[in-house]
Amino acid sequence: SSKSLLYLTRGDKKGICDRKGNIVLPVENYFVSVLSKSNVSLFKKEQNGLFGIVTPDGKTSIPPEYEKIAPFSYVDPTNYIVQKDGKWVVVDFQNNKVIDTHYDEIKDYNITTKTSKCILKNDKIGLIDSTGNFIAPIIYDFIGSFDKRGLAVVKKEDRYGYINTTGEIVIDIKYLG
């Protein structure tokens, strides 16, 4: 676990050792960051400005080929959102594409549900879960934050309505703003 590891620093280079002083990751060009809140510690590795993931034992899980990388969810970090050549996809811990569609952006946006992400493509917004299933299709101009009742305002073609956390339209998108 991350509590049993120590971070090493020499200049701008980083590494990891265990509490007995055994080197786990040698002091190299690592950007060390704990990605997981679970018992498994994951670390981002920077090589030539690109990111990947190495395990605490030094094995490469996701090769350093991405411009950006982050867990899809910190609660269950089994899938990762990655950016390559300016486009976003979702991969698993073995670098297999979970979501093969390339999006212009995948981000938290202002959504309070931890298991979904906002996706943008061709100036439209939708929501997906970590397995790539659509919660809300990519048809909206705006999706607001979900409130305590699980409702979010959506905008489509200058009209407003509400969806719930499953993407179902619960108040028709017909109202002017």
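Using a 4.5 Å heavy-atom threshold, the side chains of I62 and F51 count as separate. In this structure the side chain of R159 reaches within 4.5 angstrom of the side chain of L176, judged on heavy atoms. Looking only at side-chain heavy atoms (C-beta outward), V82 and V90 stay at 4.5 Å or farther from each other. With a 4.5 Å cut-off on side-chain heavy atoms, I169 and Y162 do not count as touching.
K121 contributes atom NZ, which lies 14.0 Å from atom CD of E105 (distance to the nearest 0.5 angstrom). With rounding to the nearest 0.5 angstrom, the CD1 atom of I125 is 5.0 Å from the SG atom of C118. The line from NE2 of H102 to NZ of K87 is 9.0 Å long, rounded to the nearest 0.5 Å. With rounding to the nearest 0.5 angstrom, the CD1 atom of I119 is 4.0 Å from the OH atom of Y103. Taking CG of L8 as the start and SG of C17 as the end, the distance is 4.0 Å to the nearest 0.5 Å.
Between E67 and K84 there is no salt bridge, since none of the side-chain N atoms of the basic residue sits less than 4.0 Å from a carboxylate O of the acidic one.
Cation-pi geometry between K117 and F72 is satisfied (NZ or CZ under 6.0 Å from the ring centre, within 45° of the ring normal).
Between the side chain of D104 and the backbone N or O of N122, at least one donor-acceptor pair lies under 3.5 Å. N164 places a side-chain N or O within 3.5 Å of a backbone atom of T166 that can act as its donor or acceptor partner. In this structure a side-chain-to-backbone donor-acceptor pair under 3.5 Å is present from D18 to K20.
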In a table with atom names and distances, give each donor-acceptor pair under 3.5 Å that connects a side chain of residues 149-158 to protein atoms at least two apart or in another chain.
unit_1	atom_1	unit_2	atom_2	d
R149	NE	D147	OD2	3.1
R149	NH2	D147	OD2	2.6

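More than 12 heavy atoms of other shown residues, nucleotides or ligands fall within 6.0 angstrom of atom NZ in K124.
A pairwise comparison of heavy atoms in N79 and V98 identifies OD1-CG2, 3.5 Å as the closest pair.
D123 pairs by the salt bridge (Lys or Arg N to Asp or Glu O under 4.0 Å) definition with nothing, not counting sequence neighbours.
In summary, the side chains of N95 and Y66 do present a donor paired with an acceptor at a separation below 3.5 Å, with no hydrogens or angles considered.
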